[in-house]
Amino acid sequence: ETGVTQTPRHLVMGMTNKKSLKCEQHLGHNAMYWYKQSAKKPLELMFVYSLEERVENNSVPSRFSPECPNSSHLFLHLHTLQPEDSALYLCASSQGAGTAGFYEQYFGPGTRLTVT
Amino acid sequence: AQSVTQLGSHVSVSEGALVLLRCNYSSSVPPYLFWYVQYPNQGLQLLLKYTSAATLVKGINGFEAEFKKSETSFHLTKPSAHMSDAAEYFCAVSADSGGSYIPTFGRGTSLIVHP
């Protein structure tokens, strides 16, 4: 595997379910990000991890819980979601976050989440 | 604080015509600027970036962008559009905000290419 991978690619879940999204980067980067992309809305930054420490949390509801066990893996744990949480969830990585702004981000293909 | 404005949520061109996608930014400190492309059912992919070297930046697939400080702009151009250029394009700015460089994205511009 190369680049940034995300699993699953598609997920349908009920409002009472608990599920997790997984992201893995094979680029040796030390920063990872979760974004939410909804139709007709701008890309929303949810969480940022730098060196496995959370450095940004943009007022995301507690029903979204991130986890970064090491610099290569990032999870987004989901529970009791709402229909408006249906969106494409994108994971990204970069060489640095918070220290070097010229590093571009590498994105995974996303997980299309539908909450019923 | 930093922000990005992309003028036009949709831009339609004919195949072979000039592509111009507009991006204006706001930043109180020198910014780093990026253009990303997103094809259907894929993540974002870097097209090009400005990092305070040359003001005219060349990217992949024949795209280029010019940083104009006086106009706070970073417009994306391509001389001749191909059908394969049809996609969503995002401009992003990253600038020092209290030691943090978290990027801010524009709302995106959908490029439509007609045969």
Side-chain angles (χ1 to χ4, degrees), chain A residues 2-10 21 23-25 27 29-50 53-58 74 87-113, chain B residues 1-10 23 25 27-54 57 59-60 65 67 74 87-110:
Chain A
T2 58
V4 180
T5 58
Q6 291 186 244
T7 54
R9 292 294 309 275
H10 300 271
L21 309 185
C23 174
E24 184 173 1
Q25 60 98 358
L27 301 166
H29 291 163
N30 54 28
M32 297 187 77
Y33 311 73
W34 278 117
Y35 287 90
K36 177 183 179 182
Q37 187 177 34
S38 306
K40 301 182 180 180
K41 293 179 78 173
L43 206 59
E44 299 174 53
L45 178 65
M46 300 176 72
F47 301 104
V48 181
Y49 277 83
S50 179
E53 180 180 331
R54 190 189 307 180
V55 298
E56 188 87 7
N57 176 356
N58 276 358
L74 184 65
L88 182 68
Y89 288 84
L90 292 165
C91 174
S93 70
S94 70
Q95 186 66 9
T99 57
F102 51 81
Y103 289 118
E104 65 270 27
Q105 293 173 299
Y106 290 76
F107 286 80
T111 294
R112 175 70 63 186
L113 174 67
Chain B
Q2 59 193 31
S3 66
V4 173
T5 301
Q6 291 184 240
L7 291 175
S9 59
H10 294 84
C23 172
Y25 68 91
S27 174
S28 56
V29 297
Y32 299 109
L33 294 158
F34 307 81
W35 274 102
Y36 290 85
V37 61
Q38 185 179 29
Y39 299 103
N41 301 314
Q42 295 186 28
L44 282 68
Q45 174 187 356
L46 181 73
L47 272 178
L48 49 80
K49 66 178 180 181
Y50 167 75
T51 58
S52 74
V57 182
I60 62 171
F67 172 70
F74 190 57
E88 191 84 14
Y89 291 80
F90 293 90
C91 182
V93 61
S94 178
D96 188 354
S97 176
S100 173
Y101 281 92
I102 307 300
T104 299
F105 284 81
R107 299 182 73 97
T109 298
S110 179

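If you're wondering where the values come from, they're calculated on a predicted model, not measured in any experiment.
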Pick from B/L33, B/L46, B/T51 with the largest number of heavy-atom pairs that fall under 4.5 Å of chain A: B/L46
Partners passing side-chain contact (heavy atoms from CB on, under 4.5 Å) against A/A92 (at least two apart in sequence or in another chain): A/Y33, A/Y35, A/Q105, A/F107
Which portion of B/Y50 sits near chain A, non-hydrogen atoms under 4.5 angstrom: neither
Heavy-atom pair with the smallest gap, counting every atom of A/E104 and B/K49: OE1-NZ, 2.6 Å
Residue part contacting chain A, namely of B/L44, when any heavy atom lies under 4.5 Å: both
Where B/F90 and A/Q37 come nearest, the two heavy atoms and their spacing: CZ-NE2, 3.4 Å
Non-neighbouring partners of A/Y106 that pass ring pair (Phe, Tyr, Trp, His ring centres under 6.0 Å), sequence neighbours left out: A/H29
Flag, side chain of A/R9 to backbone of B/N41, donor-acceptor distance under 3.5 Å: yes
Derivation of the side chain to side chain contact (heavy atoms under 4.5 Å, CB included) call for B/Q38 and A/L43: CA-CA 12 Å; B/Q38 185 179 29; A/L43 206 59; over 6 Å; no
